[in-house]
There are 2 protein chains.
Amino acid sequence: MDFNKVIELLKNSGYKLTNQRKIIIEALYHSDKPISMEEWLLLTKDKNPGINLSTIYRNIDVLEDLGLLEKIRPKDGSIKYTLNLMEHHSHFLICKRCGKAEAIECCLSKEFKKIIEDKEFDLIEHNLELYGYCKECHTELDKK
Amino acid sequence: MDFNKVIELLKNSGYKLTNQRKIIIEALYHSDKPISMEEWLLLTKDKNPGINLSTIYRNIDVLEDLGLLEKIRPKDGSIKYTLNLMEHHSHFLICKRCGKAEAIECCLSKEFKKIIEDKEFDLIEHNLELYGYCKECHTELDKK
DNA sequence: ATGCGTGCAAAACCTTTGCACGTCA
DNA sequence: TGACGTGCAAAGGTTTTGCACGCAT
C-alpha cells in the first residue's frame, strides 16, 4: 500500500489529515524497520519540533483503528511499532545487534496446525517474533 | 520439574528460601495458566497478606536468573508470567475468552527454517503466541 | 462554524530503588 | 552473626487524560 492510500483510508474513515498526523504516519511509513516510541518521536520532531509525545500516542489509537499498526514486543520488554501494509500476514526477523527487521512470509508447519486442530482449538491469530543476528552483524561479530 | 526441584535449584544457586519467596513461587507454580502481576499478587496475598508487590518484582529477577520464568506478552499490551519448567522449548495456545493457556511443543516448519537459513540469519530465539478459542469456549460461543 | 486534533501539564500506572529492619543459613 | 531479603515509601519511566485553543473540513 503506498502512502497516498494510507492517507485516503484515513480520510475515508472520518479522520482529519493534520500536519502532525501526516508527519507522524510518514515517519513510521518511511522507516525500514520497527521503531521505538523514542525513535518515532525523534523522527517526527525532526520534521516538526513542536509535535507532542501525546499526539503520537493518540495517533497510535487511530492507526490501530485503521488496522495499520503492528506492535512488536521483544523479550527485552520494549515495544516497537511498524505499519502493517501487507496483504499477507507476515513476521519479522529481528537482528539483536543492529535492530534491522525483515519481513518474511508466515508458514506455520502442517504438523503444527495438526496439533492445534487435534486440540480443537479455534486459532484466530498468532504472533511470531524471530530474534538472532543478521548476516552482516554475524560477520562483524565473528571478527572479534 | 516438581516444586521441590525448583526450591533445590533456588538454594543451590545461593538464594535463601524465605517464606515470601516460597509463597510467590508456589503461586506461580500451581497456577495452570500464565497470570498477570495483579493475579500473582492476589494469589500470594491470599497466603500471606503482608507480602509486598516489590517483593514479587524482585523475585521475578531471581526466577529469570534461574531461567525459570517465561514472560508472555499478548497483543493487548499486558504481561503474563508463567514458570518454564519444560525441557523443550514450548509455546502457548491462549484462549481469548477464558484465558486458559496450554503449552504445546514447538515446531517451526522446515520451509520456515529454510527461508531463514537462505537469508543467512542466525536465529537465536523466537517467540510464538497463538490466540483463539479453546474447545469449551468455542462451544459456548456457538450456543449464542 | 463546528467539532476533531493538538500542546501542555497533570494524573495515572507500572516498575524500580533506597533505606532500615528482619530473617535465613 | 552476617549477608541476603523484605516492607515501605518515594522516585522513575511510560502512557493517558482534562482542558483550552487551533485548525481542517
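Below, all heavy atoms of this structure are taken into account, side chains as well, without hydrogens, waters or symmetry copies. A note on names: the letters A, B, ... follow the listed sequences, proteins ahead of strands, and every chain is numbered from 1.
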Visitor: Any ring-ring contact (aromatic ring centres under 6.0 Å, His included) pairs touching residues 18-41 of chain A, not counting sequence neighbours?
Guide: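 Passing the test, one end in residues 18-41 of chain A: A/Phe3-A/Tyr29, A/Trp40-A/Tyr81.
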
Visitor: Given atom CG of A/Leu41 and atom P of C/dC8, what is their separation to the nearest angstrom?
Guide: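 Result: 12 Å.
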
Visitor: Is there a donor-acceptor pair closer than 3.5 Å between any side-chain N or O of B/Thr55 and the backbone N or O of B/Ile51?
Guide: no

Visitor: Heavy-atom contacts under 4.0 Å between residues 47-56 of chain A and DNA chain C, which residues?
Guide: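 Of all residues in residues 47-56 of chain A, the ones placing a heavy atom under 4.0 Å from DNA chain C are A/Gly50, A/Ile51, A/Asn52, A/Ser54, A/Thr55.
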
Visitor: Side-chain N or O of A/Gln20 versus OP1/OP2 of C/dG7: is the shortest distance under 4.0 Å?
Guide: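 A/Gln20 to C/dG7 OP1/OP2: side-chain N or O found under 4.0 Å.
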
Visitor: Any sub-3.5 Å donor-acceptor pair from A/Ser31's side-chain atoms to A/Lys33's backbone N or O?
Guide: yes

Visitor: Tell me the side-chain hydrogen bond (donor to acceptor under 3.5 Å, both in side chains) pairs involving residues 41-51 of chain A, sequence neighbours left out?
Guide: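 Those involving residues 41-51 of chain A are A/Asn19-A/Asn48.
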
Visitor: What is the distance from CD1 of A/Ile79 to P of D/dG13, rounded to the nearest Å?
Guide: 17 Å

Visitor: Hey, could you give me each pair passing salt bridge (charged side-chain N to carboxylate O under 4.0 Å, His left out) that has a residue in residues 50-66 of chain B? Not counting sequence neighbours.
Guide: B/Glu64-B/Lys71

Visitor: For every nucleotide of nucleotides 19-25 of chain D, 5' to 3': is a protein heavy atom under 4.0 Å from its base (B), only from its sugar-phosphate (S), or from neither (-)?
Guide: -----BS

Visitor: Give the rounded distance in Å between these two atoms: CD1 of B/Ile24 and C1' of D/dG5.
Guide: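 So the CD1-C1' distance, B/Ile24 to D/dG5, works out to 10 Å.
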
Visitor: Taking salt bridge (charged side-chain N to carboxylate O under 4.0 Å, His left out) as the cut-off, I'd like each qualifying pair that reaches into residues 20-30 of chain B, sequence neighbours left out, listed once.
Guide: none

Visitor: Whole angstrom is fine here: how far is it from CG in B/Asn59 over to C1' in D/dG7?
Guide: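 Roughly 13 Å, once rounded to whole Å.
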
